[in-house]
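Worksheet for the structure shown next.
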There are 2 protein chains.
Amino acid sequence: METNRQSRIALSALSALAQEHRLEVFRLLVQAGPDGLAAGDIAEKLDIPSSSLSFHLSHLKQGGIVEVERQGRSIIYRADFSAMNGLMSYLLENCCEGAGCNVAVGAEPHLEKEC
Amino acid sequence: METNRQSRIALSALSALAQEHRLEVFRLLVQAGPDGLAAGDIAEKLDIPSSSLSFHLSHLKQGGIVEVERQGRSIIYRADFSAMNGLMSYLLENCCEGAGCNVAVGAEPHLEKEC
DNA sequence: GATTCGTTTCCATATTTCTAGAAATATCGA
DNA sequence: TCGATATTTCTAGAAATATGGAAACGAATC
């Protein structure tokens, strides 16, 4: 089984997102945008015990899809959009064997692409 | 914890992808395009025992990211690109609180979007 | 209707992941 | 330095997931 670097990265990003709490956290961070959110704010908004949240945040960090920065006593988490791009590219790599197919691909309906 | 329909769908798609074998299978199907691949072909290409592969294929089907069709004795699997679009939209919903931010989003570098 | 082929289901086992309280760590203000 | 605040690490038990051989199944062929 070939487990190259790229697939390990994609796998850890996907595993990071594939959990109820973490998916909620990530979407919250997407919505928060560049300002991000402190761990405590996330815990409060989603009503998750801090130790559980910390477990999940470290998964998201490990998965490379959030960025972390200490700010005083707080620790700020931010969604990493470029990692999302990378993940998508990997998933759709060599789509349709490079044949000029008409499969719609993109984040929004109007973002279609021949691949 | 709000577990609505959309988040359950996204979660099952993500869990489907978040496994080494299944990620490989999905990418193989993406590359195969609209023709898809028979279960046996996948098993052979990836060298996975048929019972294990069947377990994983049913996960991918359950996750809604592949389509299935019987064709004679074979069972053909195909990547479901529209499900991928839906997943992406959900993940990036209300990005940056609707503020005109400049976060790059899309499957490929040139597919950027203000969200 | 018996046989072969492709695939799935069943099963027990092995492994991974999740949970949250308690304790530890780091930062700040008085 | 002390106390309050914010967060992480440690822990072990519970729950979920992965594995692959054997048996069962359905569709085609003889």
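Naming convention: chains lettered A, B, ... in sequence-line order (proteins, then strands); numbering from 1 in each chain.
Residue A:Ile75 places its side chain closer to D:dT8 than to any other of C:dT27, D:dT19, D:dT8. Closest approach to the A:Phe55 side chain among C:dT9, D:dA6, C:dT19 is made by C:dT19 (side chain taken as heavy atoms from C-beta onward). Closest to the B:Ala38 side chain, of the nucleotides C:dT27, C:dT7, C:dT9, is C:dT7. Closest approach to the B:Ser50 side chain among C:dG6, C:dT8, C:dT27 is made by C:dT8 (side chain taken as heavy atoms from C-beta onward). The side chain of A:Tyr77 sits closest to D:dT8 out of C:dT19, D:dT19, D:dT8. Each of D:dG21, D:dT9, D:dT19 was ranked by its minimum atom distance to the side chain of B:His21; first place goes to D:dT19. Listed nucleotides D:dT8, D:dG20, D:dA18 differ in distance to A:Ser51; the shortest reach to its side chain belongs to D:dT8. Nearest nucleotide to the side chain of B:His59, out of C:dT19, D:dT9, D:dA18: D:dA18. The A:Arg73 side chain lies nearest to D:dA6 when the options are D:dA6, C:dT8, C:dT19.
Counting any heavy atom pair closer than 4.0 Å across all strands shown, B:Ser74 reaches sugar-phosphate atoms only and no base atom. Within the 4.0 angstrom heavy-atom criterion, base atoms lie near A:Ser54.
Put simply, the residue from B:Val25, B:Leu28, B:Leu29, B:Leu60 that forms a side chain to side chain contact (heavy atoms under 4.5 Å, CB included) with B:Tyr77 is B:Leu29.
For the pair A:Ser52 and C:dT19, the criterion of a side-chain N or O lying under 4.0 Å from OP1 or OP2 is not met. Between B:Arg70 and C:dG6 there is no side-chain N or O to OP1 or OP2 distance below 4.0 Å. Close to D:dT19, at under 4.0 Å from its OP1 or OP2, lies a side-chain N or O of B:His56.
Across A:Ala16 and A:His59, no two heavy atoms sit closer than the pair CB-O, 3.8 Å.
Comparing B:Gln19 and A:Ile76 by the nucleotide of DNA chain D whose heavy atom lies nearest to each, the residue mapping closer to the 5' end is A:Ile76. The residue among A:Gln71 and A:Ser15 whose nearest nucleotide of DNA chain C lies closer to the 5′ end is A:Ser15.
Side-chain contact between A:Tyr90 and B:Leu23 is present, with heavy atoms from C-beta onward closer than 4.5 Å.
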Report task. Output, in order, the C-alpha distance, side-chain angles, deciding distance and verdict of side-chain contact (heavy atoms from CB on, under 4.5 Å) for B:Leu17 and B:Ile65. Result -> CA-CA 9 Å; B:Leu17 291 170; B:Ile65 54 179; 3.5 Å; yes

**Report entry** Check against side-chain contact (heavy atoms from CB on, under 4.5 Å), A:Val30 and B:Glu93
**Finding:** CA-CA 8 Å; A:Val30 163; B:Glu93 192 174 60; over 6 Å; no

